[in-house]
Amino acid sequence: MKKTYSIALIPGDGTGPEVIAEGCKVLEAAAAKFHFGLHFVRFDFGGERYMKTGELLADSAIQELRGFNAIYLGAIGHTDVKPGILEKGILLKLRFALDQYINLRPIRLYEGVETPIKNMGPAEIDYCVIRENSGDSYVGVGGNMMPGTPDEVAVQSSVYSRRQVDRCLRFAFEYTRTHGKKACGKGERNTLALVGKSNVLTYTFDLWNRAFEEIGAEYPDIVREYYHVDAVTLYQVQCPGMFDVIVTTNLFGDIITDLGAATQGGLGVASGGNINPDGVSMFEPIGGTAPLWTGKNAINPVAAIGSGMLMLEALGETQAAQAVDRAIREVVRTRMKSQLANQMGMTTTEVGDAIAENV
Ligand code: IPM
Ligand code: MN
């Protein structure tokens, strides 16, 4: 009997629904070609629903989502809702409740895509960031005192437990072993770089560094490196070719992957996955809701389609994932004028159609 995956769709806000529609189109094409089934169930969480009903994400919804093979999400955020409410109440709540403790973000420049960095090409801009996704200043430990007064104080702490650090690093070493540059035939060695700020955040990165060395000793085939995060932003621009796999904390990972996205041609191309290796993972393009382009059939769906590709990989549909990857590269190289919204030389739906046909 043919295998069928049930996928929860959370198209969300802004251009989310438009890019998810194209992603589904491509996933359907891959499913037909490689003989598996996809059963999509749509959830309308997001800004519109919140404004109508006041509901963000009920516990019962989280329970229901646990029953799916994966979640495919567009974007969360609404111009009419105060920043933080939807992000914390939906996106971060999902990541935390489903314990998606890894945020996997490949930084890849496709052939034919313009990068703002002079003299760099697909050979140099080709690395992956493993962003810890469950701790740090994202956990909401903190508060304020005397708000609105001149003596107001605000504290928001970065929190990490050894268990959180260990499981993230273990994932990172395993990932490097299977997806590092040597493993992919692109280099002489598999390298995992820990990115931190051990010269200032001494408590946090003492913990991370010790765990990195201890767990790393179990992976003698992997070269270990350490860089401060400020230096990394410089290297991402000046010599990105030095990176293979990067592992870092939640907030640093958030920041360096936006810079990475810029180097790979913009948020229209940058894909990601929130992974729980033992549970339900959620795949989303890392760009936001792009309110300027909503409803104009002008947004770039490549990042969402690439996230769908990561989902196929995680589901174990390796051949289908490779076919989608090839199709993306082909259409990007031969058909798209730019990766920027409204400058692609094609509409959103045309890009989706072209990639689906190519699969
Ligand atoms: C991301 C986003 C989110 C984050 C926001 C929307 C909460 O920037 O996925 O990178 O900070 O993780
Ligand atoms: Mn971000």
Side-chain angles (χ1 to χ4, degrees), residues 10-17 19-20 23 45-50 56-57 70-108 127-142 156-160 164 168 195 229 232-233 236 246-276 281-292 294 299-300 302-304 306-308 310-311:
I10 307 181
D13 302 313
T15 49
V19 296
I20 286 299
F45 302 117
E48 296 297 334
R49 173 163 176 166
Y50 172 70
L56 288 160
L57 190 64
I71 303 170
Y72 192 31
L73 181 140
I76 298 288
H78 199 288
T79 40
D80 298 336
V81 181
K82 190 176 162 210
I85 295 180
L86 301 170
E87 292 84 345
K88 275 189 164 175
I90 301 175
L91 183 62
L92 297 181
K93 186 159 176 189
L94 281 168
R95 289 179 185 169
F96 288 135
L98 298 174
D99 206 14
Q100 294 159 343
Y101 61 88
I102 298 295
N103 198 327
L104 191 66
R105 297 183 162 185
I107 311 289
R108 279 188 203 122
Y127 57 96
C128 183
V129 177
I130 294 173
R131 165 185 174 190
E132 200 291 328
N133 212 30
S134 70
D136 208 351
S137 33
Y138 278 75
V139 296
V141 169
Q156 191 139 11
S157 301
S158 157
V159 180
Y160 269 116
Q164 281 175 313
C168 173
V195 170
V229 65
V232 162
T233 62
Q236 283 181 284
I246 287 176
V247 62
T248 190
T249 48
N250 204 342
L251 186 59
F252 290 166
D254 178 42
I255 297 165
I256 68 172
T257 54
D258 263 31
L259 177 53
T263 67
Q264 65 179 123
L267 287 171
V269 202
S271 307
N274 302 278
I275 314 269
N276 176 342
S281 299
M282 177 166 79
F283 298 83
E284 54 164 338
I286 85 173
T289 51
L292 195 64
T294 302
I299 193 74
N300 187 353
V302 164
S307 304
L310 293 174
M311 180 163 80

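Numbering of ligands and ligand atoms starts at 1, following listing order. Predicted model, so just to flag it, every value in this text is computed and none were measured.
Residues Val232 and Phe252 are not in side-chain contact: their nearest non-hydrogen atoms beyond the backbone lie 4.5 Å or more apart. A 4.5 Å side-chain heavy-atom check between Val229 and Thr248 finds every atom pair outside the cut-off.
Taking 4.0 Å as the cut-off, Asp254 counts as a neighbour of ligand 1 on heavy-atom distance. The shortest separation from a heavy atom of Lys88 to ligand 1 is not under 4.0 Å, leaving the residue out of contact.
Residue Tyr138 places at least one N or O, backbone or side chain, under 3.5 Å from an N or O of ligand 1. Residue Arg131 places at least one N or O, backbone or side chain, under 3.5 Å from an N or O of ligand 1. Ligand 1 has an N or O atom lying under 3.5 Å from an N or O atom of Arg105, backbone or side chain.
When the options Asn133, Ile275, Val129 are evaluated for a side-chain contact (heavy atoms from CB on, under 4.5 Å) with Leu104, the one that passes is Ile275.
Summarising the local packing, NZ of Lys88 is surrounded by 12 or fewer heavy atoms from other residues, nucleotides or ligands at distances under 6.0 Å.
For the residue pair Ser137 / Gln156, no side-chain donor-acceptor distance below 3.5 Å is found, with atom types taken as modelled.
The ligand atoms of ligand 1 that sit less than 4.0 angstrom from a heavy atom of Arg95 are 1 (C), 4 (C), 9 (O), 12 (O). Near Glu87, meaning under 4.0 Å from any of its heavy atoms, are these atoms of ligand 1: 6 (C), 7 (C).
The heavy-atom pair separating Ser134 from Phe96 by the smallest distance is O-CE2, 3.2 Å. Of all the heavy atoms in Ile76 and Glu87, the pair that sits closest is CG2-N, 4.3 Å.
With 2.8 Å as the limit, Asp254 counts as an N, O or S neighbour of the Mn ion (ligand 2).
Residue, atom and distance of the protein heavy atom nearest to atom 5 (C) of ligand 1 are Leu91 CD2, 4.3 Å.
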